[in-house]
Amino acid sequence: MSHEMTLAIDCGGGGIKGSVVDEKGTMVAPARRVPTPYPLPPGLLVRTVCDLAAGLPRATRVTMGMPGMIRHGVVVATPHYITKDGPRSRVLPELVEQWDHFDMGRAIAAALSLPTKVLNDAEVAGAGAVTGRGLEMIITLGTGLGNAVFDGGVLAPHVEVSQGFVRWGLTYDDYIGEHERLRLGDTHWSRRVRRVVDGLRAMYMWDRLYMGGGNSKRITAANRAKMGDDIIIVPNDAGIIGGVRAWEL
């Protein structure tokens with residue numbers, strides 16, 4: 001047995017949380033969470049992750065999930081972290097420049113002196129949910145919309161669905177993100193989520209859809225019942241638990 005202990009970090013638009021997970025996917029310490037600081041240049045995110053790690057048991061490797069288009073640990077684009085005060089606030093050109101193709105995988109590995117894997121946050125959550133049979137998709141509902149697709153347990157190249165346009169010039173992030181849930185209330189927001197699921201089903205034709213993130217539990221029972229039997233709600237800690245299986249993708 002290698003006795004790997006994985007430091008799993010789940011970075012969101014509103015909070016950054018982490019824990020250490022053993023080889024069986026069990027958290028060996030309660031998750032620690034801090035509010036996402038803004039403005040957030042890459043170096044500050046690295047320091048925030050190091051501060052979280054300092055209060056957790058020692059790990060042998062790191063899995064980090066963060067929003068945006070992440071390729072091989074490199075940030076191609078991240079929607080929230082380029083803003084002055086967080087989602088829906090003003091974009092700062094200097095942050096756009098700093099985040100553009102920042103090698104977060106290398107930065108975290110150097111800061112913690114541990115092997116590191118950095119993925120899109122929905123990809124990590126999906127790793128903690130999928131069965132490995134058929135075409136499986138996960139969407140995460142929180143500050144915005146996250147997504148990942150797995151075919152036979154193999155992670156497909158990432159498509160940033162959140163930045164696609166839905167209607168009225170709104171992206172998926174705008175249309176069913178936390179800001180709109182607070183504005184509309186859970187009932188009307190849940191109808192929007194149901195419409196989005198119906199549209200994505202026709203595009204991806206999945207065998208199973210997993211719905212995670214902090215807001216998945218806020219979908220009303222009436223709307224959930226109309227979504228179909230091919231949908232499974234997963235706990236919000238999938239973004240932590242998936243840190244182990246992410247190394248097998």
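Numbers here simply count residues along the sequence, with the first being 1. All of these numbers come straight from a predicted model, not from anything done at the bench.
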Side-chain donor/acceptor of [X] to backbone N/O of [Y], under 3.5 Å:
X      : Y      : result
Asn147 : Val159 : yes
Asp103 : Val74  : no
Arg245 : Ala127 : yes
Thr116 : Val62  : no
Thr6   : Ala8   : no
Thr140 : Gly212 : no
Arg192 : Tyr175 : yes
Glu23  : Glu4   : yes
Thr220 : Ser190 : no
Arg32  : Leu52  : yes

Gap between atom [atom2] of [Y] and atom [atom1] of [X] - 0.5 Å precision:
X      : Y      : atom1 : atom2 : result
Glu160 : Ile70  : CD    : CD1   : 8.0 Å
Arg208 : Met137 : CZ    : CE    : 14.0 Å
Thr36  : Leu44  : OG1   : CG    : 10.0 Å
Arg191 : Arg194 : CZ    : CZ    : 7.5 Å
Leu249 : Phe150 : CG    : CZ    : 5.5 Å
Met104 : Met64  : CE    : CE    : 4.5 Å

Non-hydrogen side-chain atoms of [X] and [Y] separated by less than 4.5 Å:
X      : Y      : value
Arg167 : Arg195 : yes
Val197 : Ile231 : yes
Ile219 : Leu141 : yes
Arg201 : Asp230 : yes
Ile241 : Met27  : yes
Ser19  : Asp10  : no
Tyr81  : Pro67  : yes
Trp206 : Val149 : no

[X] with [Y], same ILVMFWY side-chain cluster at under 4.5 Å:
X      : Y      : value
Leu200 : Leu135 : yes
Val76  : Val91  : no
Val124 : Ile233 : no
Val34  : Met66  : yes
Tyr172 : Ile138 : no

For a quick test of reading the model, state the closest non-hydrogen atom pair linking [X] to [Y] and the distance between them.
X      : Y      : answer
Val234 : Ala129 : CG1-CB, 3.9 Å
Asn215 : Gly142 : ND2-O, 3.5 Å
Thr83  : Leu95  : O-CD1, 3.7 Å
Pro87  : His80  : CG-ND1, 3.6 Å
Trp189 : Gly177 : NE1-O, 3.9 Å
Ala246 : Thr63  : CB-CG2, 3.9 Å

message: Check the orientation of Phe102 and Trp99. Use parallel for under 30°, tilted for 30 to 60°, and perpendicular for over 60°.
response: perpendicular
State whether the number of non-hydrogen atoms from other residues, nucleotides or ligands found under 6.0 Å of [X] atom [atom1] is greater than 12.
X     : atom1 : value
Glu97 : CD    : no
Arg58 : CZ    : no
Lys84 : NZ    : no

message: Pair Met211, Met227 - check side chain to side chain contact (heavy atoms under 4.5 Å, CB included), show working.
response: CA-CA 11 Å; Met211 301 185 72; Met227 286 186 183; 4.0 Å; yes
field: Gln163 side chain to Thr171 side chain, donor-acceptor N/O pair below 3.5 angstrom
entry: no
- prompt: Passes side chain to side chain contact (heavy atoms under 4.5 Å, CB included), Leu45 versus Ile16? Steps please.
  reply: CA-CA 9 Å; Leu45 181 56; Ile16 299 170; 3.4 Å; yes
query: When you look at Arg181 and Asp186, which way does the side chain to side chain contact (heavy atoms under 4.5 Å, CB included) test go after all the steps?
result: CA-CA 6 Å; Arg181 187 191 69 79; Asp186 285 352; 2.8 Å; yes
Chi angles and distances behind the side chain to side chain contact (heavy atoms under 4.5 Å, CB included) call for Asn223, Val193: CA-CA 9 Å; Asn223 281 281; Val193 173; over 6 Å; no
